[in-house]
Every structure is written in structure tokens, then in C-alpha cells.
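Quick note: numbers below take in every heavy atom, side chains included, and nothing from hydrogens, waters or symmetry partners. Every chain is numbered from 1 and lettered A, B, ... according to where its sequence line falls, protein lines coming before strand lines.
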Amino acid sequence: MNALSVQNLTVTYDKTPVLQKVGFEIPKGSLTGIIGPNGAGKSTLIKAILQLIPRISGDIQVYGKPYHRQRRLIGYVPQRSEVDWDFPTSALDVVLMGRYGHIGLIKRPGKKEIQIAKEALRKVGMEEYQDRQISQLSGGQQQRVFLARALAQDAQIYFMDEPFVGVDAATEKAIIQLMQEWKEEGKTVLVVHHDLQTVEDYFDHVLLLNKSPVGCGPTQKVFTMENLKQTYGGSLKFLGENSVVLQERV
Amino acid sequence: MFDLLSNANTQWVLIGSIMLGFASGVIGSFVLLKKQSLISDAMAHATLPGVGLMYIIFEYKSIPLFLIGATITALLATYSIQLIIKHSRIKTDAAIGSVLSVFFALGIVFLTYISKNTSGNRSGLDDFIFGQAASLVASDVRMITIGSAILIILSALFFKEFKITIFDPLYAMGLGLPVRFLNLVLLGLVVGIVVIGIQMVGVVLIAALLITPPLSARYWTDKLGRMTILSGVFGAVSGVAGTVISTIGEGLPTGPIIVLCASIIFLFSLLFGSKKGFIPKVVSTHEL
């Protein structure tokens with residue numbers, strides 16, 4: 001069964017199309033990298049799927065049912081830069097937010113929820129920092145707090161927006177390890193990613209996107225020089241240093 | 001002085017000022033973190049034409065009617081600001097500034113019209129500008145006290161939801177939380193506190209009572225829960241101190257005195273606050 005099926009998704013900003021008639025399917029238990037140049041609409045795609053921004057058209061099915069009926073199954077890791085890290089709260093408190101959907105309105109998190117949140121922090125190697133104010137964490141540590149929050153949510157399909165940006169090696173390792181664990185548990189992961197060099201190491205599926213999908217499928221089939229040229233506007237100059245690596249592989 | 005404070009009416013006014021100050025400190029914490037301080041100031045100023053208009057239409061002084069008018073024009077101002085930002089090239093700060101001025105100007109025009117053209121008892125209308133605790137009657141105080149209590153209870157109930165929707169609204173939406181509804185509740189709380197507070201603090205300065213206490217509280221803690229309560233306490237202390245001083249010094253407007261008290265607390269916090277206060281920061285740098 002497909003974990004995610006997107007059909008005819010169109011999103012515009014001020015009447016300029018950002019995503020045009022996007023359609024693709026993602027199999028259950030896959031690790032998918034969403035790849036494309038700047039402004040290709042990668043983050044927009046995730047936000048439109050999660051209905052965080054308005055769309056013109058589009059049908060989204062999660063595990064065979066309409067999105068809004070499957071919200072509980074969906075975990076989201078936003079870009080780190082999208083929140084105010086000066087907010088007066090601790091790492092544990094942020095992770096607890098992953099449980100808010102389970103706790104329900106008005107009710108307070110109980111012992112069980114706090115236990116789950118602590119366990120999630122431990123899994124990403126952040127248990128010592130649970131009481132730390134979030135602005136006093138490094139970029140990588142902040143990213144791990146976001147990961148722990150997604151983990152605490154216990155979702156079936158995860159959407160991550162540029163999790164590898166500006167993180168240290170330990171955090172990168174933690175992210176990869178977590179993605180692998182999710183995959184082994186049969187969960188599905190979609191990651192907005194921009195480092196072409198690591199695509200083949202991290203992901204078994206790719207979605208090449210430039211306003212509409214150029215290709216979607218298993219990495220060894222879709223992640224080809226030809227497709228990349230098409231995605232990045234036919235010129236590999238945009239790829240910078242990576243172009244050398246890519247040319248060797250082709 | 002002690003005669004005055006043992007007066008039953010004064011005691012009620014003091015209780016009202018404590019409740020109002022606490023509620024505005026609590027709600028102000030959310031407003032400050034949501035970066036809506038300026039909008040709340042515009043809303044406060046925009047209540048004045050609502051009050052004036054009600055008096056012009058019904059030609060008598062009725063606090064419930066005034067509150068309805070105040071709510072309507074405050075919401076109208078908020079809506080205008082959002083409309084301007086969405087459909088023009090005007091930036092947020094300019095949109096807020098212009099809407100605030102237009103509504104406040106309209107309010108002053110209405111009040112002037114009333115003082116020139118209507119008969120009957122219109123005393124007390126001017127008190128809405130700077131606030132006058134001494135002019136409050138028992139029913140006003142009761143409304144302030146009960147209103148504040150309701151606002152505090154709502155803040156406590158939705159504390160967890162406000163925290164997540166202010167910190168990370170997109171994530172909250174992703175969880176399926178009713179973010180729009182929660183934003184409306186928060187807007188309702190702000191309108192509520194402004195509307196019940198204007199009689200005591202006045203439209204010009206009520207926003208300061210929303211913003212200054214949480215700003216001070218932020219210098220003492222890194223936890224939202226503690227910040228909210230501390231901010232409430234600072235608001236309550238300012239409220240009661242301002243009311244006492246303005247009642248003793250006959251004719252002193254209450255709002256400015258309350259805001260001065262809140263500002264003294266702020267100055268103290270800025271200097272000595274345990275979290276990023278000026279002096280603790282200098283001391284810890286030298287120790288290193």
C-alpha cells in the first residue's frame with residue numbers, strides 16, 4: 001500500500017504558481033529525499049500536504065484515506081529557523097508538545113507523557129539537557145529536540161524539512177539512525193534535502209522537484225544525471241562542487 | 001489615608017485593581033511572546049470611539065453599552081489592520097500606527113462632540129482616556145473583578161494550547177490542534193482585558209499594563225508558567241499601588257500612576273533580574 005498519494009496539487013503565492021499539478025506516490029516503509037533547486041517548492045510541498053498553507057487544488061491520501069482523517073499518523077519536523085528559540089521553555093517542554101495531540105485540549109500532560117518525552121530525549125542523546133532553556137542549546141541540539149518531539153509523537157509517516165542544515169556530525173548521525181529505525185519499524189519518512197552528495201547514502205527513494213515532479217521512485221532509477229539536469233534547469237553549474245562527483249558517477 | 005483604605009468601596013476598588021492587574025499580566029505574557037504588543041495598543045486606542053458612539057446613540061451613561069461599543073470598534077481596528085497588511089504594500093508597523101491614530105482621533109472627536117452638543121450627566125466619559133479608579137462605582141468594580149477572574153481562568157485552561165500555538169503554530173496545525181480557534185480565544189482575551197480595564201487604566205495606557213509586567217517577568221525566569229504568574233503578580237502590584245496613590249492624591253489619574261509603578265518594577269528587573277538582568281550579567285562575566 002502507498003503511504004502517501006498526492007494528486008493534482010497546485011499552490012500559488014500571489015497568483016504565481018509555486019507548485020503545479022504535482023502528483024506522486026510514496027510506498028510504505030520508504031525513506032524519500034525530496035530534492036530540487038532553491039525555490040523549487042520543496043518546503044511548500046510539505047506544508048501543502050500537511051495543509052499548513054492554502055492550496056488551489058489537490059487530493060492527498062495518507063494510507064489510503066483522506067489526509068484530515070489521518071492526522072494522528074503524521075509527524076512533522078519543521079525547519080529550525082521557523083520558531084523563536086528565545087521562547088521561555090525547556091527542551092523537555094518542547095518534546096512534550098509532541099504529545100499534545102494525544103493528550104487532548106485543556107488537559108495537562110501526566111506522568112506517562114513526561115516519561116515518553118524523557119525517553120525520546122534519551123534516544124537522541126539529549127537527556128542531560130532536558131531542563132535547559134532552548135536558546136542555550138546549539139543548532140544541532142535544537143534539531144535533536146525537534147527530532148525527539150517527532151519521536152514522542154509516535155507517528156506512522158514523518159515529514160522533515162531540511163533537518164541536516166547547520167548541524168554537527170553527532171546530530172547528523174542521530175538523524176540518520178532515527179530514520180533507519182523508523183524505516184525498520186515500517187514507518188515512512190520524507191525529507192526535504194539539498195545536499196546531492198549524500199542523497200544516495202541516506203535515501204532509498206527520491207522525489208526530484210522543480211515546481212512539478214521531474215521523477216519519483218527508487219534512488220538508483222531516478223537519481224540520474226539526466227533527471228538532475230532536468231531538475232536543475234539543464235545546467236550543472238548550479239550544482240557547484242557536487243557536479244564533479246555526479247559526473248564521475250554517471 | 002487609613003480612613004480612606006478602610007472605606008468598603010475603596011477596598012472593593014483595590015480588589016478589582018489586583019484582579020485586573022493580575023489578568024493583564026497573564027494575558028500580556030501571551031501577547032508579548034506572540035509579538036502583538038503594538039496591535040494590542042491599537043486595539044486599546046480603538047475602544048474610545050466605540051464608547052463615544054454608544055453615548056451619542058443612547059444618550060446616557062451605561063457601562064455595559066460602552067463595553068459593547070468598545071468591543072466592536074476594537075475588533076474593527078484589528079480587522080482593518082489585517083486587511084491593510086494583506087491587500088496593500090503597507091508594512092505592519094505603518095498599518096498599526098495609522099489605524100491606531102485614526103480610531104483614537106475619531107474617539108476624541110466623538111468626545112468633543114458629546115461635551116458640546118448633549119445634555120445630561122456625561123461626567124466620567126473623559127475618564128476613559130486616562131482612567132479614574134476613584135470614579136468607579138460598585139457595579140463597575142464587580143464587573144472588573146468577575147471579568148478578570150473569567151479571563152484568568154480561560155488563560156489557565158488554554159495555557160498548554162497557547163504555549164504551542166505561539167511557539168510553533170505550524171507544528172500545532174500539523175498536530176491537528178484548532179489553531180485558528182485558539183488565536184480567536186487569545187484575541188478575545190485581549191479585547192476582554194482592554195475593555196474591562198479602560199475605565200480604571202484608560203485607553204491610552206492599558207497596553208502598557210499588558211506589556212510591561214511580562215517584560216519584567218522575563219528577566220527572572222526561562223519558564224513560561226513561572227513567567228505568566230510572575231507577570232500577573234507584577235501587574236497586580238502595579239494595579240493596587242497605582243490605585244492607592246491615585247486615590248490618596250485626589251484627582252491624580254489612575255492609569256499613568258499604575259504604568260509608572262509597572263515601569264519601576266521593569267527598571268528593577270532590567271537591572272537585577274536573575275536571567276539576563278544587567279547587573280547579574282556583568283557580575284558573571286567578571287567571574288569568568
Side-chain angles (χ1 to χ4, degrees), chain A residues 14 43 46-47 49-53 67-80 82-109 113 131-136 145-146 149-150 152-153 155 157-161, chain B residues 26 28-36 85-89 153-182 185 214-231 269 273-276 284:
Chain A
D14 288 334
S43 292
I46 286 195
K47 284 178 189 157
I49 291 172
L50 298 176
Q51 303 190 2
L52 307 178
I53 53 171
Y67 168 81
H68 63 270
R69 285 169 56 190
Q70 303 284 59
R71 267 204 150 119
R72 273 290 171 79
L73 305 181
I74 293 154
Y76 172 45
V77 183
Q79 275 184 44
R80 202 156 37 86
E82 280 179 6
V83 304
D84 173 13
W85 290 94
D86 241 352
F87 196 87
T89 191
S90 65
L92 182 65
D93 221 26
V94 173
V95 178
L96 262 175
M97 290 177 187
R99 302 299 300 168
Y100 282 12
H102 299 256
I103 297 168
L105 286 180
I106 292 174
K107 281 176 254 167
R108 293 287 146 95
E113 312 293 345
D131 295 322
R132 196 66 83 84
Q133 204 273 325
I134 51 174
S135 68
Q136 288 161 17
V145 168
F146 266 9
R149 180 173 69 171
Q153 213 180 323
I157 175 163
Y158 283 102
F159 294 84
M160 301 164 90
D161 201 346
Chain B
V26 168
S29 303
F30 302 128
V31 173
L32 178 75
L33 292 169
K34 205 157 186 255
K35 302 181 175 66
Q36 288 193 330
I85 296 170
K86 208 172 172 188
H87 295 289
S88 79
R89 302 176 61 173
I153 291 168
L154 281 173
S155 307
L157 283 179
F158 288 109
F159 177 78
K160 157 172 134 285
E161 283 74 20
F162 287 151
K163 177 160 62 180
I164 191 171
T165 48
I166 295 170
F167 172 64
D168 198 346
L170 284 183
Y171 182 75
M173 277 166 93
L175 283 182
L177 294 179
V179 173
R180 270 167 186 241
F181 166 75
L182 290 165
V185 175
L215 267 181
S216 314
R218 188 66 184 85
Y219 279 98
W220 298 98
T221 175
D222 277 335
K223 290 217 154 107
L224 181 62
R226 281 183 207 162
M227 174 181 163
T228 322
I229 290 169
L230 199 58
S231 169
S269 307
S274 54
K275 304 280 174 187
K276 293 187 189 165
S284 71

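- With values rounded to the nearest 0.5 angstrom, A:Y100 atom OH is found 6.0 Å from B:I164 atom CD1.
- Atom CG of A:D84 sits about 11.0 Å away from atom CD1 of B:I166, to the nearest 0.5 Å.
- With a 4.5 angstrom heavy-atom cutoff, A:V94 touches chain B only via side-chain atoms.
- Contact of B:P169 with chain A is not made at all, since no heavy-atom distance falls under 4.5 Å.
- Residues satisfying the side chain to side chain contact (heavy atoms under 4.5 Å, CB included) criterion with A:A155, sequence neighbours excluded, are A:Y158.
- Scanning both residues, B:E161 and A:I106, for their nearest heavy atoms gives OE2-N, 2.9 Å.
- Comparing A:Q153, A:M97, A:Q133, A:Q136 by heavy-atom pairs within less than 4.5 Å of chain B, the highest count is held by A:M97.
- Taking the six-membered ring where the residue is Trp, A:F87 and B:F167 present tilted rings, their angle falling between 30° and 60°.
- If you measure heavy-atom distances from B:K34 to chain A, you find no contacts under 4.5 Å at all.
- Of the candidates A:L50, A:L52, A:V83, A:L52 is the only one forming a side-chain contact (heavy atoms from CB on, under 4.5 Å) with B:L170.
- By the 6.0 Å contact criterion, CZ on A:R108 is enclosed, its count of non-hydrogen atoms from other residues, nucleotides or ligands being greater than 12.
- Listed options A:D86, A:L96, A:I134, A:I74 were ranked by heavy-atom pairs under 4.5 angstrom with chain B; first place goes to A:D86.
- Counting only heavy atoms from C-beta outward, the side chains of B:M173 and A:Y76 never approach each other to under 4.5 Å.
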With a cut-off of 3.5 Å and sequence neighbours excluded, list every side-chain donor-acceptor pair involving residues 222-230 of chain B.
| residue | atom | partner | partner atom | Å |
| --- | --- | --- | --- | --- |
| B:D222 | OD1 | B:R218 | NH1 | 3.0 |
| B:T228 | OG1 | B:L224 | O | 2.5 |

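- One N or O on the side chain of B:K160 and one on the backbone of A:K107 form a donor-acceptor pair closer than 3.5 Å.
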Next item on the list: Give the intermediate values and the outcome of side-chain contact (heavy atoms from CB on, under 4.5 Å) for residues B:Y171 and A:E82.
Entry: CA-CA 10 Å; B:Y171 182 75; A:E82 280 179 6; over 6 Å; no
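- With a 4.5 Å cut-off on non-hydrogen atoms, B:K35 touches chain A through its side chain but not through its backbone.
- Two residues are said to be in side-chain contact when any heavy atoms from C-beta on lie closer than 4.5 Å; B:D168 and A:R149 meet this criterion.
- Listed options A:S90, A:G98, A:S135, A:P109 were ranked by heavy-atom pairs under 4.5 angstrom with chain B; first place goes to A:G98.
- Atom-to-atom distance recorded for A:H102:NE2 and B:L175:CG is 8.0 Å, nearest 0.5 angstrom.
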